[in-house]
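Here's the structure, in structure tokens; my notes come after.
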Number of protein chains: 2
Amino acid sequence: MNPQLLVENIRGVLIRLEETIIFALIERAQFARNEPTYQTEAFAGATGGRSLMTYLLHETECIHARMRRYTSPDERPFSDGLPAPILPTLGYEESPIRANTVNFNDRLLEVYVGEIVPCLCVSGDDGQYGSSSVCDVSCLQALSHRIHYGMLVAESKYRQAPAEFDAAVTTGDRDVLERMITHPQVEAALLKRVESKTRHHGWDLNGEIPGGKSGLGSGRASKVSPQTVVGLYRDWIIPLTKSVEVAYLLERR
Amino acid sequence: MNPQLLVENIRGVLIRLEETIIFALIERAQFARNEPTYQTEAFAGATGGRSLMTYLLHETECIHARMRRYTSPDERPFSDGLPAPILPTLGYEESPIRANTVNFNDRLLEVYVGEIVPCLCVSGDDGQYGSSSVCDVSCLQALSHRIHYGMLVAESKYRQAPAEFDAAVTTGDRDVLERMITHPQVEAALLKRVESKTRHHGWDLNGEIPGGKSGLGSGRASKVSPQTVVGLYRDWIIPLTKSVEVAYLLERR
């Protein structure tokens, strides 16, 4: 079996990504919600009709596409029409997963702007639009990587019990599939770990640190409560990962 | 006085940047040294004669310039000829520092590629060129922000003893200025803090986590020793910050 599908390796990658996600969320929480950065009309003249944040996301994805980011089986872009890689594609001995059309980034973007940012950031506008958009892109890339890793998670689970999964896939029953891929004790351990990591990583972000009125400043450090991050994992990150897993499995039909 | 120049605020920003720097270094250490990404000849056809890493750095700076990153007094670009901001410039009531020409990014780039990466990463080539270059850009941006914050540090110190500084600036004696801005007990406390933070942040990066042969993969987690990061601060990050401070002060002549 491809080593990427071994349970201990998948577990290692997901635990590793927790650090990246928690750190990105803490960085974003330095800045206020900054609604205008998510409005398509606010800077439409300069951004070709996108919001400032999705403009930055698209431009970043164009560069990363040239660095062949989206040739990786566990990466999905938010944008269409990205340029071709300037690096030669790496030779894959064997792709760990089946070719598929799974891409939950539209839904992730909706959840991020509508649910995650309001939980994470103080309301209002601190004018730090560039800085907060840069943080948004880091958060979205880390979250997208995490939820789409669900494809490898699903493939790994499938290979442990192909006959049972084939039966559920044939009937197309999402609820049965979701029950089959859910391990409550693994989720409980994850939430406990995330709680503890956030408490450690956020340790010296108490109080306010004025970054001043700079173009891309340091912002205002706002302590992110461990319970906030636990809530984001429980309500959005885990469910989105499961949606990816189920959608990937259903493409076997 | 501009609140950005208050000692406790400067201290807060520098402590906050420690998290960003340590996290970026840990992320880079997942990947091997990957020498070809620093060689101008390796991908010259696709990068217009730059190394892959400086190509990515330049492209990233173009986007961030449009987000007005380099209108901030504490930010300096690595590249020349960047595009104009698409965001209106923020109104500054008062710039916290004097206009100046200080930019130590060429030296930082040299130190980063020649000294920091070899300390941080296992030697050799893991083929993860895109991923390691993305991490390089994050490291360089965080380090550049940190060392150029030295301009605010110097201005703050100057305002506490303008007559003494003016005397040293007039004679142009770098050694005297360096002694005046050096506080050994502050540096010792910083190194102790960095040691402790790296130990915490690197906690679960033991062992190898194969990210597989992906385009921009998760790489191989390599534990970063706290002593490595302490050494990088002691030998490079603190001295470069002091060079910025002295250069900034000398422009008062």
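Per chain, numbering begins at 1; letters A, B, ... match sequence-line order.
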(request) Kindly write out the residues that satisfy side-chain hydrogen bond (donor to acceptor under 3.5 Å, both in side chains) with A/Glu35, not counting sequence neighbours, or none if the list is empty. (result) A/Arg33
(request) Below 4.5 Å from any heavy atom of chain B, which atoms of A/Arg11 appear? Answer side chain, backbone, both or neither. (result) neither
(request) For B/Tyr233, enumerate each residue passing the ring-ring contact (aromatic ring centres under 6.0 Å, His included) test, keeping only those at least two apart in sequence or located in another chain. (result) none
(request) Anything in residues 41-51 of chain B with a heavy-atom distance to chain A below 4.5 Å? Please list those residues in order. (result) B/Phe43, B/Ala46, B/Thr47
(request) Give, for atom CD of A/Glu75 and atom OG of B/Ser131, the distance between the pair rounded to the nearest 0.5 Å. (result) 8.0 Å
(request) Can you sort out the partners of A/Tyr112 under side-chain hydrogen bond (donor to acceptor under 3.5 Å, both in side chains), two or more places apart, ordered by chain and number? (result) A/Asp136
(request) List the steps and the verdict of side-chain contact (heavy atoms from CB on, under 4.5 Å) for A/His64 and B/Leu56. (result) CA-CA 8 Å; A/His64 287 187; B/Leu56 181 66; 4.3 Å; yes
(message) Would you say B/Arg68 and A/Tyr129 are linked by a side-chain donor-acceptor pair, where the criterion is simply a distance under 3.5 Å?
(response) no
(message) So A/Leu52 and B/Met67, do their side chains get closer than 4.5 Å, heavy atoms only?
(response) yes
(request) Mind checking the CD1-CD1 spacing from A/Ile63 to B/Ile63? Nearest 0.5 Å is all I need. (result) 3.0 Å
(request) Could you look at B/Thr60 and say if it's the side chain, the backbone, both or neither that has a heavy atom under 4.5 Å from chain A? (result) both
(request) List the steps and the verdict of side-chain contact (heavy atoms from CB on, under 4.5 Å) for A/Ile26 and B/Glu19. (result) CA-CA 10 Å; A/Ile26 290 172; B/Glu19 315 290 321; over 6 Å; no
(message) Nearest 0.5 angstrom please: B/Phe23 CZ to A/Glu27 CD, how far?
(response) 9.0 Å
(request) Report yes if the side chains of A/Glu59 and B/Glu59 come closer than 4.5 Å at any heavy-atom pair, otherwise no. (result) no
